[in-house]
Amino acid sequence: MTKTLRLLSLVVALSMAGTGNAQEAPVPRCGANGVALQLLGSGGPVSDDARASSGAIIWINGHARILIDAGGGTYLRYGQSGARLEDLDFIGISHFHTDHSADLPAILKGGYFLANSHKLRLVGPTGDANFPAMTTFFKREFGKGQGAYAYLFGLSTASNGLKLAVETADVDAKAAKPVVVWRGDGVTISALGIPHGDVPTLAYRIETPKGVIVLSADQNGSRKEFVDFARGADILMMPAAIDNDADAVSRFMHATPDVVGRIAAQAAPRMLVLDHFMGRSLRDKDHNVQIIRGFFHGPVLAGRDLSCIPLSH
Ligand SMILES: [Zn+2]
């Protein structure tokens, strides 16, 4: 390659990098005051939806204090939202499908670059033969000498250059009653097992002085205790993963739109937010939302990546 050609290819490379940066339009900040739910990802496990997978943050007075789920793509959305790791007190993982947990190591890696040590509680379900418990997952990711990312072994004790002290806890996804998993500054978070086929899975209820947010992860809607768990929420978020004509296996894993609508009608939140769209449910999105509206007569928002929904009182 001649010197001129080499220079030309360098200029092209630099200008392409510049274009990439220019395309990163600033994202308006969510939750500067009060409490707000922000979706990081609104998609599912297949990249054909062109959305990040599941993940949401709760903003409290301008700080992203709570993260629920960290599916693929949420690492980027987390950064775009303006959330800061040093503000984060609680991470809840609903279950160990990749579209709810794959970006957790990427987000926690930021703990290497914090200025000061910071404590964080990380909660997830108990395991079974096919899925690890939260504590086991954490060890398999970050365990000294044996984890997939063993180089981050200091994450549990804020050592080895890491500034995060991550305390993990497992919640029995089969327990009959909700379990309180975190309390602080007037906020109480509880978790309840939900029937996502046979995958140990948790839903989270976040009670704040400004109102209540309930985040259901994937579920088929067959557990009546969930309706009580979600009752009185200001915002209830539920997945819109499948159509009403989905096959039996899909229905074992996920709630169809009529089931989502019935649950929302019974739990009666002030607002229903839909997430976890997939290529197949996006094709008929308007129709599916229409079916849900046939049961639930309050406001329904079909979420997008980075949708910001403030609590209005
Ligand atoms: Zn799932």
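In each ligand, atom 1 is the first atom listed, and ligand 1 is the first ligand listed. Residue numbers count from 1 along this sequence. None of these values were measured; they are calculated from a predicted model.
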Task: Modelled atom types, side-chain donor and acceptor of Ser42 and Asp275, under 3.5 Å - done: no
TODO: Count, excluding waters, the protein N, O or S atoms that are closer to the Zn ion (ligand 1) than 2.8 Å.
DONE: 4
TODO: Count the heavy atoms of every other residue, nucleotide or ligand shown that sit under 6.0 Å from NZ of Lys139, and state whether that count exceeds 12.
DONE: no
- [ ] Can you tell me which residue pairs pass the side-chain hydrogen bond (donor to acceptor under 3.5 Å, both in side chains) test with a partner in residues 145-156, sequence neighbours excluded?
- [x] none
Open item on the list: If we count only N and O atoms by modelled type, under 3.5 Å, do the side chains of His276 and His254 hold a donor and an acceptor together?
Closed with: no
TODO: Please lay out, stage by stage, how Val199 and His97 fare under the test side chain to side chain contact (heavy atoms under 4.5 Å, CB included).
DONE: CA-CA 9 Å; Val199 183; His97 278 158; 3.7 Å; yes
Open item on the list: Quick one: does any side-chain atom of Asn244 pair with a main-chain N or O of Asp258 as donor and acceptor, under 3.5 Å?
Closed with: yes
